[in-house]
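The structure appears below as structure tokens.
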Number of protein chains: 2
Amino acid sequence: MDNLQSLVIYAPAMGAISLLFALYLASKVSKADPGNEMMVKISGYIADGAMAFLRKQYSAVAIFVLIVFLVLLFLLPSKAWQTAICYLVGAVCSATAGFLGMKVATKANVRTTQAARTSQNAALGIAFSGGAVMGMSVTGLGLLGLGLLYLIFEDPTIVNGFAMGGSSVALFGRVGGGIYTKAADVGADLVGKVEAGLPEDDPRNPATIADNVGDNVGDVAGMGSDLFESYVGSIISAMTLGVLGLGFNGVLLPMIIAAAGIIASIIGTFFVKTDEKSNPLKALNMGTTVASVVLLIAAYIAVRLITPDQPGLFWAILGGMVVGMLIGFVTQYYTASEYNPTRGIAKAATTGPATVIIAGLGVGMLSTVIPILLICAAIILAFVTGGLYGVALAAVGMLATTGMVVAVDAYGPIADNAGGIAEMTPDLPDSVRATTDKLDAVGNTTAAIGKGFAIGSAALTALALMAAYGQVAGIQSINLLDPMVIVGLLIGGMLPFFFCAMTMGAVGKAAGKMVDEVRRQFREIKGLLEGTAPADYVKCVEISTSAAIREMIAPGLLAVIAPILVGFILRAEALGGMLAGSIVSGVCLAIMLANSGGAWDNAKKYIEEGNYGGKNSPAHAAAVEGDTVGDPCKDTAGPSLNILLKLMSIVSLVFVAPFF
Amino acid sequence: MDNLQSLVIYAPAMGAISLLFALYLASKVSKADPGNEMMVKISGYIADGAMAFLRKQYSAVAIFVLIVFLVLLFLLPSKAWQTAICYLVGAVCSATAGFLGMKVATKANVRTTQAARTSQNAALGIAFSGGAVMGMSVTGLGLLGLGLLYLIFEDPTIVNGFAMGGSSVALFGRVGGGIYTKAADVGADLVGKVEAGLPEDDPRNPATIADNVGDNVGDVAGMGSDLFESYVGSIISAMTLGVLGLGFNGVLLPMIIAAAGIIASIIGTFFVKTDEKSNPLKALNMGTTVASVVLLIAAYIAVRLITPDQPGLFWAILGGMVVGMLIGFVTQYYTASEYNPTRGIAKAATTGPATVIIAGLGVGMLSTVIPILLICAAIILAFVTGGLYGVALAAVGMLATTGMVVAVDAYGPIADNAGGIAEMTPDLPDSVRATTDKLDAVGNTTAAIGKGFAIGSAALTALALMAAYGQVAGIQSINLLDPMVIVGLLIGGMLPFFFCAMTMGAVGKAAGKMVDEVRRQFREIKGLLEGTAPADYVKCVEISTSAAIREMIAPGLLAVIAPILVGFILRAEALGGMLAGSIVSGVCLAIMLANSGGAWDNAKKYIEEGNYGGKNSPAHAAAVEGDTVGDPCKDTAGPSLNILLKLMSIVSLVFVAPFF
């Protein structure tokens, strides 16, 4: 099968095509009409705020990346400069994807508002194209970088550095973005809505721009960097495990599956079309379905061609893909107001905040059961058909259509922003807000699905990375009957709780600063509440930005230092135990936090639709408390856990394993 | 060292002495003055309610135990009838301990109230003696039963059945008791205190007797059965592991340490004395300290005598004991209102219920860090000095003074009850309530310490049982690089979340029924609120009882069926992974729930002392919501997890391992 050698070029080539497609979509978005002067001005504020945050964040990341680069360069016992370079390239690729995605998202929002004056399909087209830029940038830069580095170094262990670079950026993107978005949100809600009685997105609320910026930095750039990490991590761990048993072909297969996923995603995007009456969700689902079917056909052919002796690997890939989708649906069941769990929380709101919280925690805990069983099913299927390599391939199968998944997910915050801009622009017809509201409602569903997918894929990726770690560290067995492994396992299981305590505390501190500032502006700026004087949006954006940057450092360091300490003090097996422990408790905690938060949010919306007394009833007030508790759970602490698990695995793989 | 053989008799002998001491204390309590007619009547209600619950609970347990007995008898592949008999004896011993403890506790409460008319020391003496009956019954019946069965069968694997019997009773005691006490508490609070505006323990509140019964069934009998399980489980797992490397001496050592712990506890009880001015906590601490010192001296001698070649085992025992105490202190730091964590929650109450909840969850998560590190330290020390056997001995060291620990812990609800009876009795001098309040305040501290200890010891016991499982199942390695082990680990990690969702939901359902009943009585019984007609306490007790019995079945079945299913479908290694996974996430979750709940409770009390606006301020209202959320967390879901971990381990050890 020597002629297969040439196929490896397809990976970077398809990455380049993905990137070109992203640029094409970006220019399409740019060319669209941004609307009237007022709209351009408001969206300018948001874009400026987002870019200001990105600049500050990337400055902080740059220092961090530089330090790690030097550490790798001078301390790694083998393949040091090669790994260090891969690390640097990975960080640059992930940062660039985030930059591109956010740049276009902050253009797409106002153009979506403007397009909503014409038709729902036009608005959906812009919003989805904006999201797809993020999606295709992630897969494009991910596969292009990874493919080229493999062509240069021809050694998966070296290319692991690329994944670690992506992880470093993801850490700051997800954690910092998560803190930013919730600090702004809580500040805008607590003072603007509750104390001053302003409606959502009111231009008199000084934190409203920061709130809209937050949607972009948290839900677009943060989510993008999270999935960049999973995407690259899953491919690289499959390559690392594949080279052992199957040689070059084992390395080739995941790259080709990823390349096929890019084509599949591009084809899928052309099926996202709607009319005035249909639910836009249908269009998004159609795109996802088409992409999945195309991927499956390609995967079948790829397995037959590259690993003809192991046709079962197809089932591993299929299993991963199906489970990724099913976890999304389960998440939807537990968090959407059409179903019993969320309605139960809404009912509990009639007896006050305490019962809302208890019910929501219960729903979150219960919602861990099926996703965990699904992940287990995927692991078993993959293991039976392809061993440890099969498990890593299942993760690749789940993540191959990341371009499409991120596109659908990033569409949400763009639609949300579009609604905000419509609200802040005085003389737009009501139909515009009606259209953006419809798009935004779908965004809530896709956000829930995306979060479930992100957690599930993080779990599978982290497990695959852990297996790769075992191989690189040369460990045959991580024995749970060895008390040192148990010690590692216990420490690992505790870390997600510690990490969550830190990130939730960070939101509290940052939000407190925002609350003070908004109160100050209402007090000191005369005419602000009457609408005759403008709010100082920039100041609020600055506060969220610097608080987020400052508060992300401690949890970030924890994620990097913990595996190093455990590895060097308690040795290789204990570190393996720590990784497993963090995955086990981290995944459950992440699912619980994300779904409790989502269900509280939608229970509140369900009451706002007129149930149990509707808006401003006691039940509504109780549900608002639940939603406020859920915000840092679902948008900061929960998603940040994905990063923790993967980052600790990749640090162990790249930095600690070579020492054993 | 053949003459050591005869030492084994000391274990059952010391168990018998412990039991005799318990009976002596019981008669001392019985002989004390129960006070006036009204007091006797009120305490009669509580005693009747508690006994009614125990009767119903034990009827349900009896059916369950009978079924399991038959299953063991007919299905176990080896040593079937012997194991089944041990199982039956274990269940009877645990149930008897619970019966004795509760019988005396419900006598001690009113006698404590009466003694408070004389002096604080007299009241403390009665309350502590009442608690000590529970404590000494637990260790007495535990060691007597275990020792005799070992003398008869001379095989630790058979005697494992005894631990499983205790576990079965603990499951129903802890879970059922936890549901009972919180259903009654929430019902009494929500309708009686919030809706009708009655003070705590007001006799017009129909749920007030059920609430006081709940303190007994949850905090006395439930806690007692939990620690019976840990106590027996730790000794038996040390015996199982010890016989392998050290033969008979390895079996003897844990039994002798346990016997020494009984003497130590008895001696300790004589140091619990106070005067009118001192804090009663000092007296309790003195008792605990004396017991610990005596135990250490005895342990040192025992190790020198029985295992002279392994003097290091002493350090394992010392480590376990010290860590058990330290976890208690850490728990106190995170939950007592003297320290920053709880005060931070109180401060967060000034901005509403949502911030109270977020702050409390953060404190709970953060509070997992140090206990986990302490447990890890104990494991490392024990492993280095004594291998896996050392780890089991550390658990024995932690639990040897269980008699004293349970005495201090069960003292709390007795003092709480005494306060309730004082409140409900019309013409008592204010000084009585002042004295009982002082005793009760100490009870809150000892309860927090006791909960921390229960979780920590459950973790160590479950780990020791898991190691014993590995040995009996004949597994050399439970390899985390084997995907089936990872599947087991993931399932195990999810089960505590599932279990908590069930128990929290159960409290919600049971409390709902109680709320309806209390509302009905206020509506239908004319003159109740005016104090001219009596409330129907019995009806409320019945509702709590039957709801608790009904709702404990599903989580109970989960704990028994999960290890059986995983063991038989996914095999021995996966089951080992499941046990480890459940311990890792279960311990963290249990600590978080217990400490969040404790901190919320005390943050509320801190505000009631006059801080942040004091009683009836907005901050107080917010803190009450936090406390209500915390109730099922700290008194039902959290403590029930202890049982889940141990029960799954023991089921695996006794029922599943023989099949491999």
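Here the structure is a predicted model, which means the values were calculated and not measured. To find a chain, count down the sequence lines: A is the first, B the second, and so on, and within it residues start at 1.
- Looking at A/Val515, there are no atoms closer than 4.5 Å to chain B (heavy atoms on both sides), in backbone or side chain.
- Within the 3.5 Å criterion, the main-chain N or O of A/Ile478 finds a donor-acceptor partner in the side chain of B/Asn479.
- Taken from CG in B/Leu361 to SG in A/Cys633, the straight-line distance is 6.0 Å, to the nearest 0.5 Å.
- Residue B/Met502 does not touch chain A at all, counting heavy-atom pairs closer than 4.5 Å.
- Within the 4.5 Å cutoff, the side chain of A/Phe383 has heavy atoms near those of the B/Asp482 side chain.
- With a 4.5 angstrom heavy-atom cutoff, B/Leu463 touches chain A only via side-chain atoms.
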(message) Quick one, A/Leu480 with B/Glu573, criterion side-chain contact (heavy atoms from CB on, under 4.5 Å). Give me CA distance, side-chain angles, the key distance, then yes/no.
(response) CA-CA 10 Å; A/Leu480 282 174; B/Glu573 283 79 7; over 6 Å; no
(message) As a quick check of understanding, evaluate side-chain contact (heavy atoms from CB on, under 4.5 Å) for A/Met365 and B/Phe498, giving each step before the final call.
(response) CA-CA 6 Å; A/Met365 287 172 169; B/Phe498 189 16; over 6 Å; no
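- Both the backbone and the side chain of B/Leu489 come within less than 4.5 Å of a heavy atom in chain A.
- Comparing B/Ile380, B/Ile591, B/Val587 by how many heavy-atom pairs each has under 4.5 Å with chain A, the most go to B/Ile380.
- There is no contact between B/Val384 and chain A, counting heavy-atom distances below 4.5 Å.
- Using a 4.5 Å cut-off between heavy atoms, B/Ile491 touches chain A through backbone and side chain atoms alike.
- When each of B/Leu570, B/Thr503, B/Leu589, B/Asp627 is scored by its heavy-atom pairs under 4.5 Å with chain A, the top score falls to B/Leu589.
- Heavy-atom distances place both the backbone and the side chain of A/Ile358 under 4.5 Å from chain B.
- With respect to chain A, the highest number of heavy-atom pairs below 4.5 Å among B/Pro353, B/Ser585, B/Gly470, B/Gly362 belongs to B/Pro353.
- Put simply, the residue from B/Val629, B/Val356, B/Thr628 that forms a side-chain contact (heavy atoms from CB on, under 4.5 Å) with A/Ile357 is B/Val629.
- Counting heavy atoms from C-beta outward, A/Met494 and B/Leu373 have side chains that approach closer than 4.5 Å.
- Contact of B/Leu495 with chain A is not made at all, since no heavy-atom distance falls under 4.5 Å.
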(message) Quick one, B/Leu490 with A/Ile379, criterion side-chain contact (heavy atoms from CB on, under 4.5 Å). Give me CA distance, side-chain angles, the key distance, then yes/no.
(response) CA-CA 11 Å; B/Leu490 285 170; A/Ile379 293 175; 3.7 Å; yes
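- A/Ser477 has its side chain out of reach of B/Leu481: every pair of non-hydrogen atoms, C-beta onward, lies at least 4.5 Å apart.
- Proximity to chain B (any heavy atom under 4.5 Å) is shown, for A/Pro483, by both the backbone and the side chain.
- When heavy atoms are compared at a cutoff of 4.5 Å, B/Val391 approaches chain A solely by way of its side chain, counted from C-beta outward.
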